[in-house]
Amino acid sequence: MLDLKRLRSDPDAARAALERRGGAGGLDSVIELDAQRRELLPQLEALRAEQNAANEAISAAKAAGGDASEQIAQMKEVAARAKELDGQLQAAESELNTALALLPNLPDDDAPAEDTVLRECGEIPSFDFEPRDHLDLAGDRVDMERGARLSGARFAYLRGELVMLELALVRWTLELLGRNGFEPVIPPVLVREEALHGTGFLPDTEQQIYRLADDDLYLVGTSEVALASIHADEILDADELPLRYAGFSPCFRREAGSAGRDTRGIFRVHQFDKVEMFSFVKPQDAKEEHLRLLDIEEQILTALGLPYRVVDIAIDDLGASAARKFDCEAWLPSQGRYRELTSTSNTTDFQARRLAIRMRSEGGKPELLATLNGTAVAVGRTMIALLENGQQADGSVVIPQCLADCGAPAILAPAEG
RNA sequence: GGAGGGGUGGCAGAGUGGUCGAAUGCACCGGUCUUGAAAACCGGAGUCCGGUUUCCCCGGACCGCGGGUUCGAAUCCCGCCCCCUCCGCCA
């Protein structure tokens, strides 16, 4: 959510920023509704003041044993008018809130108009054989057929050695993040609407989200939702910032509208596990923290021996809450191209405002802080990259030593059959 | 799932229709006293929204959240959320 005061005092700057991300249409109605509200509010407050004064007089009269029936009769009318005004005000406010919630975050000045590759790192492997894709390499350790039989398309059983690989990957990642100040968290993945609204996924991406039929709860598409909400309605001590969390949880996405895309294997599935980084920082530290999250993502990819590139994401591809976003894309030999593995966003005060997360500096007033998120490891996609880049001519896969040290098999046997 | 109890300021805890934004205690921040400290005493202090001579004052809102009754609601009524206890069930 954007700062209404800033929109009011400098609408042109906001309009210019919103136009960069493809339309400032909603802004005008916000400003109009705000003006409406600001006209009604003082009227209502004047009536309330009148009521308050009368209430004092009435109770004084009654205490003195006098009669206040005339004044009470008068106040009846005032109360009726106040009620009517209040109705109008609430209608205006609710429209205003809806309109305001539809506005995305203002993009960072540095966010580019086009996707921009910042760098390519690591060595793209060259094979003296035709590289297999992850599904061929995994065999029935990624069991799509039975997954589909159980739950439908885009679901899979992960089996055998790959389970141990996942656990090692998660363990290794959480330890690395722990050294970087992130507290591990396993959050609820079933959340109320407020949490999704607060993080900007609603009303923006409804069609991507699973909703329970009987319980006003939603399955999260990322633990970002739960991590952001961990401090909702709190005023944090500025001295204890930054606060960093590493969430580990399954993620659920409907993938509506992506029919026919990435249908093979587990690249795009309805359920996957992910380790997510989330930071609460002072506003002035947000950009630096963003680079820090990106750096950790790169450290992870580098340590796993995966060739990757970093993309500065175009303004029109930013999610509603992001002011700027970097993706890390790993090289997939079977596709001969880079594909998204991780992503980090600076959401500035957009989520903090919606979730009412503030900080207080020594002796100061509460002020909004900034939130940032970044993928540490999207397990499914990372395993794809590990399999495909680590494959050998016989179909076996060499797993990085750091993961073997955490309990992964050092070498995955060739798939059977 | 059944039965009951409860959500009040940073914490504890009064308050069941009328000067209640809210007693009191603790904690906190000033000040007096003291060589210094403690104690004692005096004073201050919440959040949000408007206005404004922009933190100086004025108005409004906030006693879990949202409605309702009333001239007037922390207090009465309804719905929701959360916490606790007991029973049942369960990994």
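Worth knowing before you read on, the calculation uses all heavy atoms, side chains too, and leaves out hydrogens, waters and symmetry mates. We name chains A, B, ... by the order of the sequence lines, and we start the count at 1 in each one.
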Can you tell me, in whole Å, how much space there is between the [atom1] of [N] and that of [M]?
N: rG36(B); M: rC26(B); atom1: P; value: 25 Å
N: rU52(B); M: rU75(B); atom1: C1'; value: 36 Å
N: rC71(B); M: rG66(B); atom1: P; value: 23 Å
N: rU24(B); M: rA14(B); atom1: C1'; value: 7 Å
N: rU19(B); M: rG60(B); atom1: P; value: 15 Å
N: rC77(B); M: rU70(B); atom1: C1'; value: 12 Å
N: rG10(B); M: rG4(B); atom1: P; value: 33 Å
N: rG15(B); M: rU32(B); atom1: P; value: 39 Å

With a cut-off of less than 4.0 Å, is there a side-chain N or O of [X] near OP1 or OP2 of [N]?
X: Arg358(A); N: rC48(B); result: yes
X: Arg37(A); N: rC49(B); result: no
X: Asn52(A); N: rU19(B); result: no
X: Lys83(A); N: rU69(B); result: yes
X: Arg38(A); N: rG60(B); result: no
X: Gln43(A); N: rG50(B); result: no
X: Arg192(A); N: rC82(B); result: yes
X: Asn55(A); N: rU19(B); result: no

From Leu196(A), Leu217(A), Leu219(A), residue fulfilling side-chain contact (heavy atoms from CB on, under 4.5 Å) relative to Val191(A):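 With Val191(A) as partner, side-chain contact (heavy atoms from CB on, under 4.5 Å) holds for just one option, Leu196(A).
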Should [N] form a Watson-Crick or G-U wobble pair with both distances under 3.5 Å, which nucleotide is its partner?
N: rU85(B); value: rA3(B)
N: rG21(B); value: none
N: rG79(B); value: rC65(B)
N: rA91(B); value: none
N: rC57(B); value: rG51(B)

Rounded to the nearest Å, what distance is computed from the [atom1] atom of residue [X] to the [atom2] atom of nucleotide [N]?
X: Leu47(A); N: rG72(B); atom1: CG; atom2: P; value: 12 Å
X: Leu89(A); N: rG59(B); atom1: CG; atom2: C1'; value: 15 Å
X: Leu217(A); N: rC81(B); atom1: CG; atom2: C1'; value: 12 Å
X: Asp215(A); N: rG1(B); atom1: CG; atom2: P; value: 10 Å
X: Asp86(A); N: rC49(B); atom1: CG; atom2: C1'; value: 14 Å
X: Leu44(A); N: rG59(B); atom1: CG; atom2: P; value: 16 Å

Between Asp295(A) and Gln299(A), is the side-chain hydrogen bond (donor to acceptor under 3.5 Å, both in side chains) condition met? List the steps. CA-CA 6 Å; Asp295(A) 184 63; Gln299(A) 280 179 42; 2.9 Å; yes
Which of parallel (below 30°), tilted (30 to 60°) and perpendicular (above 60°) describes Tyr245(A) and His231(A)?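 Tilted, since the angle between the ring planes falls between 30° and 60°.
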May I ask you to decide if the ring planes of Phe155(A) and His270(A) are parallel, tilted or perpendicular, using 30° and 60° as cut-offs?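 Phe155(A) and His270(A): tilted rings.
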Nearest non-hydrogen partners of Ala323(A) and Ala111(A), listed with the distance: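 Where Ala323(A) meets Ala111(A) most closely, the heavy atoms are O-CB, 3.9 Å.
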Identify, between Arg360(A) and Leu4(A), the residue whose nearest nucleotide on RNA chain B lies closer to the 5' end.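 Final value for this comparison: Arg360(A).
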On RNA chain B, does the nearest nucleotide to Gly364(A) precede the nearest nucleotide to Ser59(A) from the 5' side, or the other way round? Give the residue.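 Final value for this comparison: Ser59(A).
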Under 4.0 Å between any heavy atoms, over every strand shown, what does [X] touch: base, sugar-phosphate, or nothing? Just pick one.
X: Lys76(A); answer: sugar-phosphate
X: Glu39(A); answer: nothing
X: Leu41(A); answer: sugar-phosphate
X: Ala49(A); answer: sugar-phosphate
X: Arg81(A); answer: nothing
X: Ala79(A); answer: sugar-phosphate

Considering only side-chain heavy atoms of Arg48(A), which listed nucleotide, rC71(B), rG50(B), rA61(B), is closest?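 Between rC71(B), rG50(B), rA61(B), the one nearest the side chain of Arg48(A) would be rA61(B).
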Between rC55(B), rC49(B), rC71(B), which nucleotide gets closest to the side-chain atoms of Lys365(A)?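 Looking only at side-chain atoms, Lys365(A) lies closest to rC55(B).
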Stepwise side-chain hydrogen bond (donor to acceptor under 3.5 Å, both in side chains) test for Glu298(A) and Thr302(A): CA-CA 6 Å; Glu298(A) 294 193 58; Thr302(A) 301; 6.0 Å; no
Could you tell me if the side chain of Leu165(A) sits less than 4.5 Å from the side chain of Arg141(A), heavy atoms only?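 No - every pair of side-chain heavy atoms lies 4.5 Å or more apart.
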Both conditions, 6.0 Å and 45 degrees, for the charged tip of Arg381(A) above the ring of Phe272(A): are they met here?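 Cation-pi check for Arg381(A) and Phe272(A): fails.
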Ignoring hydrogens and geometry beyond distance, is the side chain of Glu45(A) in donor-acceptor contact with the base of rG59(B) at under 3.5 Å?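 Answer yes: a donor N or O sits under 3.5 Å from an acceptor.
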